[in-house]
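Here is the naming used below: chain letters follow the sequence lines, and residue numbers restart at 1 for every chain. Keep in mind that this is a model prediction, so the values were computed, not measured.
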Amino acid sequence: MKLLSLLKYNIKQNYLVFIIICGVMILYLATIINMYDPNGLEELIALANYKMPPEVMAAFGFTIENNASLLHLINSFFYGMLLYFTLIIYVIIVGNRLIAEHVNNGTMAYLLSTPNKRCNVACMQAGFFLITIALQIILLAVSGVITSEISFPGYLNIQAYIILNIGVFLLFGVFSGISFLSSCIFNDTKNSLALGAGLPLAFIIINILANVDESLHFLRNFTVISLLDTDAIIAGNGYLGKFAVMTLISLILYTSGIYIFTKKDLSI
Amino acid sequence: MIKINHLTKDFGQKKGIFDLNFSIKEQEVFGFLGPNGAGKTTTIRHLLGFLNADGGNCSINGKDCRKKASEIMETVGYLPGENVLINAMTGSQFFQFIMSLRRRKDMALCKQLIERFELDPHTKIKKMSKGMKQKVAVVSAFMHNPQILILDEPTSGLDPLMQLEFTKLIAEEKTKGKTILMSSHHFEEVEKNCDTIGIIKQGKMVFIEDIQSIKQKKRKNYTLTFASKEDMTRFTQTTTFHFDNMNTNSVDVKSVDNFDALIKELNHFRMLDIQSEVYTLENLFMHYYGGNKA
């Protein structure tokens with residue numbers, strides 16, 4: 001591979017944040033799976049309601065029925081919001097590093113004074129980003145299945161759970177696309193972070209607000225998270241169109257990022 | 001070899017480069033001078049293909065610098081003016097990293113250069129001094145034996161001994177037939193190393209000449225001081241030499257190509273002093289660097 005050493009550098013630079021985020025997610029998920037009770041979730045719900053007012057519960061996506069399935073629990077207590085807040089940290093940190101940081105501190109001058117096309121450098125960085133995010137979600141999904149099968153064998157709808165994870169990957173394709181595009185547009189990390197972190201976080205926060213109260217449901221029209229229709233995924237149909245839309249958005253974001261980086265002025 | 005053709009890049013507020021034209025022949029060492037912000041680095045960034053020109057173009061070996069950047073880089077060694085290395089690496093890790101991006105394996109020249117510049121390659125770049133970092137940059141520009149060298153202030157931060165070593169290195173590369181563009185603020189360095197000098201000011205090339213003819217021109221101006229005003233007036237009325245800057249009893253004579261004729265002419269006057277103008281490169285540069293004279 002032409003840019004093998006850049007790949008090695010990326011790995012060396014980012015493995016720590018990868019492991020931390022991945023570890024936190026896996027531990028969180030295991031904890032939540034073990035809250036499940038096949039005989040009903042009255043106790044858990046009562047406890048949660050005792051600790052937090054219903055608005056907060058709703059905002060965080062913790063809305064389940066007494067007889068909810070294990071998948072419902074996982075979806076509502078982890079994939080509802082906590083997952084976004086952990087994985088987005090990886091996206092923000094790494095996205096900024098991949099292009100903008102090299103331009104901001106000038107090391108891009110060294111990368112591009114070697115016989116490598118800008119386009120190839122950008123493609124390598126984009127590929128690294130998407131593959132490591134996929135890897136995070138694969139590890140998470142596998143750990144989720146294993147934990148469920150150990151603690152509550154047979155209770156998890158594995159097929160729907162995997163589709164849910166594919167949906168999460170597509171959603172993070174969009175988030176990371178925003179972060180990557182912003183990393184390609186801006187020459188300094190400050191601006192790259194402002195857009196690359198700001199916009200995905202705004203989407204997540206809008207999603208929280210939209211869940212608080214009926215009157216705020218309209219906010220769902222303003223966040224890409226609505227494209228991850230978990231009810232449809234659990235029901236088993238009606239999600240493919242939204243998946244396609246997310247795929248298309250990520251493709252547009254990534255290709256425009258690569259195109260802009262290939263064409264722009266670099267003051268390095 | 002290197003051709004810059006009506007190159008224009010306007011950053012606004014008179015910053016940038018404007019209709020820049022010059023070319024560097026094969027095996028020529030070109031010294032690129034100019035005050036800070038004059039457009040040296042901007043020009044170099046165009047040569048590296050980092051910037052899109054607003055007008056004109058530049059090429060290396062007939063290839064357009066912006067469109068064929070990656071092909072051109074096969075034969076180019078570059079030393080950036082803002083020298084930022086990858087802090088997390090040691091010197092030798094950095095060299096390995098760059099060499100593998102160049103898809104080259106032969107580290108022999110790199111080792112030679114490390115020894116030559118007395119560099120400790122196992123120190124983390126983060127912990128290196130400015131001069132050490134500059135040495136790393138020098139080594140990584142030369143280590144793959146490139147045919148063309150583009151060096152943006154290569155000796156900044158180097159101690160005098162290492163500057164000397166660098167001068168030797170340039171001389172050697174020159175005999176190997178390399179084409180070199182180097183920007184600098186050191187007049188002596190340029191005088192020692194370069195064949196041709198170009199001075200850029202406010203984005204325009206204000207002076208370009210080969211160093212031999214500059215040196216020849218050096219001692220051709222004289223300030224003559226006469227014993228009286230009458231002597232001077234008589235001289236100015238009769239002389240065939242080009243003169244200006246008349247004072248009460250002194251006058252500057254310019255571009256003298258026959259010193260003997262001047263002396264014989266002056267034989268007819270009472271003289272107090274004759275002074276040859278110390279026309280160093282520094283004078284020349286200062287003329288273009290400073291103020292609004294240029």
Of all the residues in residues 7-28 of chain A, which have a heavy atom that comes within less than 4.5 Å of a heavy atom in chain B?
Tyr9(A), Lys12(A)
Does Arg103(B) reach the side chain of Asn116(A), with side-chain heavy atoms less than 4.5 Å apart?
yes
Given side chains that start at C-beta, do those of Leu51(B) and Ser267(A) come closer than 4.5 Å, heavy atoms only?
yes
Any side-chain heavy atom of Ile268(A) sitting closer than 4.5 Å to one from Pro80(B)?
no
Can you give me the closest heavy-atom contact between Leu101(B) and Leu111(A), atom names plus distance?
CD1-CD2, 3.5 Å
Which of Lys9(B), Met89(B), Gln93(B), Arg45(B) touches chain A most, by non-hydrogen pairs under 4.5 Å:
Arg45(B)
So which bits of residues 257-264 of chain A come within less than 4.5 Å of chain B, counting non-hydrogen atoms only?
Thr262(A), Lys263(A), Lys264(A)
Given heavy-atom pairs under 4.5 angstrom as the criterion, report whether the side chain, backbone, both or neither of Met99(B) touches chain A.
neither
Select all residues of residues 115-154 of chain B having any heavy atom within less than 4.5 Å of some heavy atom of chain A, and report them by number, or 'none'.
Ala137(B), Ser140(B)
Taking only residues two or more places apart in sequence, or in another chain, which ones meet Lys174(B) in a salt bridge (charged side-chain N to carboxylate O under 4.0 Å, His left out)?
Asp195(B)
Region of Gln96(B) in contact with chain A, defined by heavy-atom distances below 4.5 Å:
neither
Check: Arg102(B) side chain, Ser113(A) main-chain N or O, donor-acceptor pair, under 3.5 Å:
yes
Pair count under 4.5 Å, heavy atoms only, with chain A: among Val76(B), Ile98(B), Ile72(B), highest is Ile98(B)
Heavy-atom distances under 4.5 Å only: say whether Glu74(B) touches chain A with side chain, backbone, both or neither.
both
Atom group of Leu4(A) that falls short of 4.5 Å from chain B, counting heavy atoms:
neither
Quick check on Glu82(B): does its CD atom have over 12 non-hydrogen neighbours (other residues, nucleotides or ligands) under 6.0 Å away?
no
Heavy atoms, side chains only, cut-off 4.5 Å: are Tyr110(A) and Phe97(B) in contact?
no
Do other residues, nucleotides or ligands put more than 12 heavy atoms under 6.0 Å from the NZ atom of Lys176(B)?
yes
Are the side chain of Asp265(A) and the backbone N or O of Asn52(B) linked by a donor-acceptor pair below 3.5 Å?
yes
